[in-house]
Trainee: 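Quick one: this structure, given as structure tokens, is what I'll be asking you about.
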Amino acid sequence: MKETYNFNQIESIVQKKWKTNNTFAANIDTSKPKYYCLSMLPYPSGNLHMGHVRNYSIGDAVSRYKKLKGFNVLQPMGWDAFGLPAENAAINKKVHPQDWTEENIEHMKHQLNSLGFGYDWNKEINTSDQSYYKFEQELFLKFYEKGLAYRKKSLVNWDPVDKTVLANEQVIDGKGWRTGADVELKEIETWFLKITDYADELEEGLENIDWPENVKNMQKNWIGKSKGTEIEFETDKNFTLKAFTTRPDTIHGVTFFGISPNHPIVKELMQDDVGIEDFIEETKQISSAEADQAKADKVGYKTNLNIIHPISKQKINVWIINYVLMDYGTGAIMGVPGHDERDFEFAKKYDIAIKRVIDSEAELPFSGSGPLVNSEDLNGLMPDEAFDKISNILAESNDAKILYQYRLRDWGISRQRYWGCPIPMEYKDGEARPASTLPVLLPVNKDGTYEPLHQNESFRYPEPGIERETDTFDTFMESSWYFARYMSAQNNKKVFDENTNYWLPVDLYIGGVEHAILHLLYSRFFFKVLRDLGLVEGDEPFKKLLTQGMVLKDGAKMSKSKGNTVDPKEYIENYGADSIRTFMIFASPPEQSLEWSDNGLEGCHKFLKRLWALSYRIKSLKDEDFGESKDILIDECKDLFIKINDDYDKRLNLNTVVSSCMEILNNINKKFTAKGIEASKEDLMTVYDFLLVALSPIAPHITENLYQEVLGKELQEAKWPDKKFFEKNESEIKYLIQVNGKVRANIMIDSALSEEEVKQLSKEHENVSRHLENKDIIKVIFIKNKLINFVHS
RNA sequence: GGGGAUGUGGUGGAACUGGCAGACACGCUGGAUUUAGGUUCCAGUGCCGUAAGGCGUGGGGGUUCGACUCCCUCCAUCCCUACCA
């Protein structure tokens with residue numbers, strides 16, 4: 001054993017050993033409970049960034065801990081390899097996206113290995129590989145057969161110079177990012193998945209999963225289920241208009257009626273009102289030029305159409321209003337300015353009557369609850385009572401029904417790009433049908449070049465009369481099911497085999513909170529469909545979710561544009577993987593953001609150096625160097641053992657695992673005094689052994705090396721200590737003695753003593769008696785095994 | 001506008017169910033080793049006070065024997081989302 005900590009050498013030796021021994025290969029083993037620990041797979045952009053390092057350090061720590069606890073652990077890794085950056089790089093560097101991607105994967109895989117993450121690489125997947133995406137095409141066709149995939153017109157961003165569709169992030173200030181041309185909205189046919197069919201289940205399922213409350217809330221709000229009444233209003237023309245409202249109880253407060261500029265009825269109204277067209281043009285300009293701006297002014301146009309109020313039978317003006325959205329509800333609203341903020345603002349602007357129908361002290365607009373007023377039969381009722389009553393009344397006279405509306409829209413999955421999974425459909429006489437041969441591979445020219453699918457004639461028209469779909473899938477498709485594919489990654493015949501249901505569901509999923517809505521919602525939806533197709537078992541894919549915080553530098557998110565990125569590479573070289581991993585875990589709790597600090601990393605590195613120095617010292621000790629004192633060191637560390645156990649198991653507060661390990665190290669070091677070692681050999685070795693085991697999930701290289709060097713044992717064979725190890729010796733209890741709530745002493749008291757004896761002993765304590773002198777004790781709070789509080793006047 | 005998170009020393013952060021506030025680190029100060037720097041080791045380090053003691057967890061109020069923790073209210077910062085009837 002060398003005297004100095006040579007991390008480079010140790011880490012490469014240990015990593016080689018893992019590779020040779022296939023240490024992280026995961027296979028079905030019914031003798032152990034299984035644990036599937038998954039970290040979100042990266043996009044192969046070329047380099048790992050600190051966010052990845054943090055994410056994967058947490059995942060690896062949990063995986064290794066679970067292995068020590070006797071679980072059969074699966075920790076896979078793969079590449080979310082389709083996407084826009086590959087195409088941009090292809091253009092800039094004149095290489096094929098596939099070559100660029102593969103090169104990046106190779107490099108990043110090397111980086112992951114140099115950090116010592118224990119992945120089962122036998123199960124690696126690359127979503128841009130046909131062995132992966134061919135199954136995606138099969139799955140899509142199953143969705144299609146089930147009626148869950150359909151085609152519909154939708155608006156896309158069109159760059160008129162490049163003649164291409166742009167993603168939202170490629171539109172900057174309404175202009176194409178490459179050409180700078182004004183982006184136009186164009187309507188084209190695109191594919192959708194009917195996620196809305198699962199809206200209710202997606203919402204209800206949230207109750208059964210162990211996810212952070214904020215993420216569940218975000219999904220719940222995104223689904224946006226709301227109960228309301230759809231009411232059909234008669235007009236003074238020969239048709240009716242439907243409006244959806246969550247507050248039918250305020251029906252007597254209706255003073256205007258609003259329809260969306262995109263409402264189908266608008267075209268008819270235009271025929272005898274020339275002003276409408278100008279107004280529509282105006283609103284379009286506002287919405288496109290200021291699409292990104294949060295608040296467009298509320299504007300409206302008063303038509304000569306009226307609805308008939310279903311109760312009062314009065315005529316009420318119909319307005320075309322820009323804040324009424326066509327794709328929510330029926331595209332029409334009943335305007336209740338007294339009790340809706342938007343309607344209030346609108347009514348003020350156009351001088352429309354504002355009527356109070358809910359009594360309260362609050363000023364209008366008031367959207368809360370209170371007894372109804374000015375509402376005829378409904379007066380005195382509370383809103384929810386009135387909701388039912390009026391809905392029933394309206395159901396008889398007008399066509400009204402109670403129903404639920406969702407904010408959630410169907411998922412548009414078409415992308416007009418090359419580097420994605422081709423949508424396996426074709427068209428004959430304009431009719432869509434599944435592609436006649438599968439898989440539909442991405443075409444690559446012989447010279448290694450490529451062109452967009454719609455420009456590739458031989459791809460687009462494989463035979464006369466047949467036109468292939470030239471769109472590719474949204475890359476969220478690949479990430480919606482990859483977690484179920486890892487375990488059968490080598491199976492080229494079946495998408496999911498017996499391994500799939502052995503390992504699923506994912507026991508712990510770790511990733512950034514930025515995926516809280518889309519990726520995590522799409523994955524849940526996909527999983528439920530796969531279940532209904534009989535392909536997987538269970539209702540939810542991710543049992544527990546951990547959303548790790550961002551890595552910040554100088555208080556800001558790291559980004560190239562800010563120039564505050566920190567490249568993991570140089571730090572791995574200068575400090576080693578174990579130091580970086582330890583810092584990533586130590587610097588803050590997993591869910592919170594982490595402030596990068598060179599000094600902090602240095603501190604962790606010093607900790608590992610001290611661990612090495614101690615180990616070197618221990619190794620050179622002889623039996624006679626040890627002292628006699630039994631149990632003292634173990635007693636001193638007991639609370640730390642318990643804390644580490646809890647932190648790993650219950651709370652996932654890994655940062656305090658590290659600090660507890662530091663304390664254990666400090667405790668051991670203190671036993672080396674000028675007079676000799678103040679601990680027995682057995683005690684010291686017990687504590688040292690646990691220190692290595694406890695730290696090994698976080699800093700696996702140094703601990704594995706020391707376990708072998710100093711203790712002569714293999715860490716891979718080590719087990720987490722059993723319950724007994726974490727039990728406290730309770731013959732003496734530390735009591736906290738307070739006077740008027742202030743701590744004045746703490747003393748060790750024999751746990752066999754009675755309450756009275758304990759009180760007496762406490763009162764006698766010098767510092768306590770001093771504070772009780774000449775005072776009348778009014779009350780004594782006694783909490784067994786914890787504290788006594790003497791309360792005086 | 002809506003939803004959520006956070007607020008504790010000079011800094012990152014501890015304090016699990018109300019019970020020793022500031023663990024563990026960083027930084028800083030002093031000392032030892034060193035020709036010097038770095039490394040390493042030792043000591044100190046919330047604020048006021050010589051001390052006893054007092055004050056302190058964004059501000060104000062409350063519940064309690066006791067509040068960083070629970071309740072009310074206000075403020076600040078960050079994130080997500082957005083005219084969803």
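By convention in this document, chain letters (A, B, ...) are assigned in the order of the sequence lines, proteins followed by strands, and residues within each chain are numbered from 1. Below, each value reflects all heavy atoms present in this structure, side chains not excepted, and no hydrogens, waters or symmetry copies. None of these values were measured; they are calculated from a predicted model.
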Trainee: In whole Å, measure the gap between the C1' atoms of B:C75 and B:G58 for me.
Mentor: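 To the nearest whole Å, 7 Å.
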Trainee: Does B:A14 have its OP1 or OP2 closer than 4.0 Å to a side-chain nitrogen or oxygen of A:Asn655?
Mentor: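 Yes.
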Trainee: Below 4.0 angstrom, N of the basic side chain to O of the carboxylate: do A:Lys728 and A:Asp635 qualify?
Mentor: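 Result for this pair is no, no salt bridge flagged.
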Trainee: For B:A25, take OP1 and OP2 only and decide whether either is under 4.0 Å from a side-chain N or O of A:Arg610.
Mentor: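 Looking at the OP1 and OP2 atoms of B:A25, one of them is under 4.0 Å from a side-chain N or O of A:Arg610.
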Trainee: Decide yes or no, distance alone: a donor-acceptor N/O pair under 3.5 angstrom between the base of B:C65 and the side-chain of A:Lys779.
Mentor: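 Check fails, no donor-acceptor contact within cut-off.
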Trainee: So what does A:Arg651 hit on the nucleic acid, given a heavy-atom distance under 4.0 Å: a base, only sugar-phosphate, or nothing?
Mentor: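 Sugar-phosphate contact only - A:Arg651 comes under 4.0 Å of backbone atoms but never of a base.
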Trainee: Does A:Asp340 or A:Lys609 map to a spot on RNA chain B nearer the 5' end, using the closest nucleotide for each?
Mentor: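 Its nearest nucleotide being more 5', the pick is A:Lys609.
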Trainee: Can you see if the side chain of A:Asn666 gets near the phosphate of B:A25 - specifically, an N or O under 4.0 Å from OP1 or OP2?
Mentor: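 So the side-chain polar atoms of A:Asn666 do come within 4.0 Å of the phosphate oxygens OP1 or OP2 of B:A25, strictly under.
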Trainee: Find the distance A:Asn669:CG to B:A25:P and express it as a whole number of Å.
Mentor: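 Spelled out: CG on A:Asn669 to P on B:A25 is 11 Å.
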Trainee: Between the base of B:C26 and the side chain of A:Asn599, is there a donor-acceptor distance below 3.5 Å?
Mentor: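 Not at all, since no donor on one side and acceptor on the other fall under 3.5 Å apart.
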Trainee: Which value, in whole Å, describes the distance between the P atoms of nucleotides B:U11 and B:U17?
Mentor: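 Nearest-Å result for B:U11 against B:U17 at atom P: 26 Å.
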Trainee: Could you state the CG-C1' distance from A:Leu736 to B:A21, rounded to the nearest angstrom?
Mentor: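 My rounded result for the distance is 12 Å.
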Trainee: Would you mind reading off the distance between A:Phe256 atom CZ and B:A85 atom P, rounded to a whole angstrom?
Mentor: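 Distance check: A:Phe256 CZ to B:A85 P gives 15 Å.
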Trainee: Report the base-pairing partner of B:U63 (Watson-Crick or G-U wobble, both distances below 3.5 angstrom), or none.
Mentor: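 Matched B:U63 with nothing under the 3.5 Å cut-off.
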Trainee: Do A:Lys643 and A:Tyr648 meet the cation-pi criteria used here (NZ or CZ under 6.0 Å from the six-membered ring centre, within 45° of the axis)?
Mentor: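 Judged by the rule, A:Lys643 and A:Tyr648 form no cation-pi pair.
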Trainee: Determine the contact category for A:Lys650: base if any of its heavy atoms lies under 4.0 Å from a base atom, sugar-phosphate if only primed atoms, P, OP1 or OP2 are that close, otherwise nothing.
Mentor: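 Nothing, no heavy atom under 4.0 Å.
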Trainee: Charged N to carboxylate O below 4.0 Å: is that the case for A:Arg617 and A:Glu3?
Mentor: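 A salt bridge is absent here (no side-chain N lies under 4.0 Å from a carboxylate O).
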Trainee: Which part of the nucleic acid, if any, lies within contact of A:Val324, taking any heavy atom under 4.0 Å across all strands shown: a base, the sugar-phosphate backbone alone, or nothing?
Mentor: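 Base contact - A:Val324 has a heavy atom under 4.0 Å of at least one base atom.
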Trainee: Parallel, tilted or perpendicular: which one describes the rings of A:Tyr735 and A:Phe782, with boundaries at 30° and 60°?
Mentor: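 The arrangement is parallel - the two ring planes meet at less than 30°.
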Trainee: If the P atom of B:A43 is compared with that of B:C24, how far apart are they to the nearest Å?
Mentor: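 It works out to 12 Å between them.
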Trainee: Sticking with atom P, work out how far B:A23 lies from B:G44, rounded to a whole angstrom.
Mentor: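 Approximately 13 Å lies between the P atom of B:A23 and that of B:G44.
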Trainee: From the options B:G13, B:G4, B:C65, select the nucleotide whose nearest atom is closest to the side chain of A:Pro589.
Mentor: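 Closest nucleotide to the A:Pro589 side chain: B:G13.
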Trainee: Would you kindly check if the NZ (Lys) or CZ (Arg) of A:Lys225 is within the cone defined by 45 degrees around the ring axis of A:Tyr404 and under 6.0 Å from the six-membered ring centre?
Mentor: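 Geometry flag: set, cation within 6.0 Å and 45°.
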Trainee: For a quick check under 3.5 Å, do A:Tyr406 and A:Glu203 share a side-chain donor-acceptor pair by atom type?
Mentor: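 Not at all, the side chains of A:Tyr406 and A:Glu203 share no donor-acceptor pair under 3.5 Å.
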Trainee: Which residue, A:Asp646 or A:Met334, contacts RNA chain B at a nucleotide closer to its 5' end, judged by nearest heavy atom?
Mentor: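 Nearer the 5' end of the strand: A:Asp646.
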Trainee: Considering only nitrogen or oxygen atoms on both sides, find all protein atoms under 3.5 Å from nucleotides 52-57 of chain B and state each distance.
Mentor:
residue, atom, partner, partner atom, Å
B:G53, OP1, A:Arg770, NH1, 3.2
B:G53, OP1, A:Arg770, NH2, 2.8
B:C55, OP2, A:Lys742, NZ, 3.4

Trainee: Which nucleotide, if any, forms a Watson-Crick or G-U wobble pair with B:A5, using both distances under 3.5 Å?
Mentor: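 Its partner is B:U77.
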Trainee: Rounded to the nearest Å, what distance is computed from the CG atom of residue A:Asn322 to the P atom of nucleotide B:C84?
Mentor: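 One finds 12 Å between P of B:C84 and CG of A:Asn322, rounded.
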Trainee: Relative to the ring of A:Phe346, is the ring of A:Tyr323 parallel (under 30°), tilted (30 to 60°) or perpendicular (over 60°)?
Mentor: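 Ring orientation of A:Tyr323 relative to A:Phe346: perpendicular.
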Trainee: Closer than 4.0 angstrom, basic N to acidic O: yes or no for A:Glu727 and A:Lys723?
Mentor: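 No salt bridge links A:Glu727 with A:Lys723.
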Trainee: Would you mind classifying the nucleic acid contact of A:Ser226 as base, sugar-phosphate or nothing, using non-hydrogen atoms under 4.0 angstrom?
Mentor: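 Since only primed, P, OP1 and OP2 atoms lie under 4.0 Å of A:Ser226, the category is sugar-phosphate.
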Trainee: How would you list, by chain and number, every residue that makes a side-chain contact (heavy atoms from CB on, under 4.5 Å) with A:Asn217, sequence neighbours excluded?
Mentor: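 So A:Asn217 forms no side-chain contact (heavy atoms from CB on, under 4.5 Å) with any residue.
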Trainee: If you compare every side-chain N and O of A:Lys606 against the phosphate oxygens of B:U39 (OP1, OP2), does one of them come in below 4.0 Å?
Mentor: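 A:Lys606 to B:U39 OP1/OP2: no side-chain N or O under 4.0 Å.
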Trainee: With a 4.0 Å cut-off on heavy atoms, is A:Asn221 in touch with a base, just the backbone sugar-phosphate, or nothing at all?
Mentor: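 It contacts sugar-phosphate atoms only.
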Trainee: Over all strands shown, is A:Phe586 touching base, sugar-phosphate only, or nothing at heavy-atom distances under 4.0 angstrom?
Mentor: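 Base contact.
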Trainee: Classify the ring geometry of A:Phe476 against A:His519: parallel below 30°, tilted from 30° to 60°, perpendicular beyond 60°.
Mentor: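 Taking A:His519 first and then A:Phe476, their aromatic rings lie parallel (interplane angle under 30°).
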Trainee: B:A5 and B:U50: how far apart are their C1' atoms, nearest whole angstrom?
Mentor: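 About 46 Å, rounded to a whole number of Å.
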Trainee: Under 3.5 Å for both donor-acceptor distances, Watson-Crick or wobble: does B:A51 have a partner, and if so which one?
Mentor: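 WC or wobble partner does not exist here.
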Trainee: Could you work out the separation of B:A21 and B:U8 based on their C1' atoms and round it to a whole Å?
Mentor: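 Taking atom C1' in both B:A21 and B:U8, they lie 8 Å apart.
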Trainee: Are A:Asp646 and A:Arg651 close enough for a salt bridge, meaning some N to O gap below 4.0 Å?
Mentor: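 No.
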Trainee: Quick one: A:Leu608 CG to B:A25 P, roughly how many Å, whole number?
Mentor: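 After rounding, the reported distance stands at 13 Å.
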Trainee: What is the separation between atom CZ on A:Phe782 and atom C1' on B:G19, rounded to the nearest whole Å?
Mentor: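 Distance check: A:Phe782 CZ to B:G19 C1' gives 14 Å.
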Trainee: Calculate the interatomic distance between A:Leu787 atom CG and B:A15 atom P; express it in whole Å.
Mentor: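 Between P of B:A15 and CG of A:Leu787: 20 Å.
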Trainee: Could you tell me how far B:G60 sits from B:C65 if I compare only their C1' atoms? Round to whole Å.
Mentor: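 It works out to 24 Å between them.
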Trainee: Donor-acceptor pair under 3.5 Å: do we get one between A:Gln738's side chain and the base of B:G19?
Mentor: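 For A:Gln738, whose side chain was compared with the base of B:G19, there is a donor-acceptor pair (under 3.5 Å).
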Trainee: If pairing requires Watson-Crick or G-U wobble contacts with both distances under 3.5 Å, which nucleotide is the partner of B:A15?
Mentor: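 Looking at the geometry, B:A15 pairs with no nucleotide.
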Trainee: Check whether any side-chain nitrogen or oxygen of A:Lys220 sits under 4.0 Å from OP1 or OP2 of B:G3, and answer yes or no.
Mentor: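 No, outside the criterion.
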Trainee: According to the Watson-Crick and G-U wobble definitions, with both distances under 3.5 Å, which nucleotide is paired to B:U69?
Mentor: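 B:U69 is paired with nothing.
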Trainee: Nearest to the side chain of A:Asn789, heavy atoms from C-beta on, is which of B:G66, B:A25, B:A21?
Mentor: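 When the side chain of A:Asn789 is considered, B:G66 is the closest of B:G66, B:A25, B:A21.
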Trainee: Provide, to the nearest angstrom, the distance between the CD atom belonging to A:Glu341 and the P atom belonging to B:C83.
Mentor: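 Going from A:Glu341 (CD) to B:C83 (P), I get 15 Å.
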Trainee: Reckon A:Ile778 touches a base, only the sugar-phosphate, or nothing at all at heavy-atom distances under 4.0 Å?
Mentor: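 Result for A:Ile778 = nothing.
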Trainee: Who is the Watson-Crick or G-U wobble partner of B:A82, with both distances under 3.5 Å?
Mentor: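 Paired with B:A82, as far as the under-3.5 Å criterion goes, is no nucleotide at all.
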Trainee: Is the base of B:G9 syn or anti, where syn means the angle lies within 90° of 0?
Mentor: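 For B:G9, whose glycosidic angle is within 90° of 0, the conformation is syn.
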Trainee: Rounding to an integer number of angstrom, what distance separates B:C26 and B:U35 when you compare their C1' atoms?
Mentor: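 These two C1' atoms come out 30 Å apart once rounded.
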Trainee: Which base, if any, makes a Watson-Crick or G-U wobble pair with B:U45, both distances under 3.5 Å?
Mentor: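 Its partner is B:G27.
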Trainee: How would you label the contact of A:Thr246 with the nucleic acid (heavy atoms, under 4.0 Å): base, sugar-phosphate, or nothing?
Mentor: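 Sugar-phosphate, backbone atoms only, no base.
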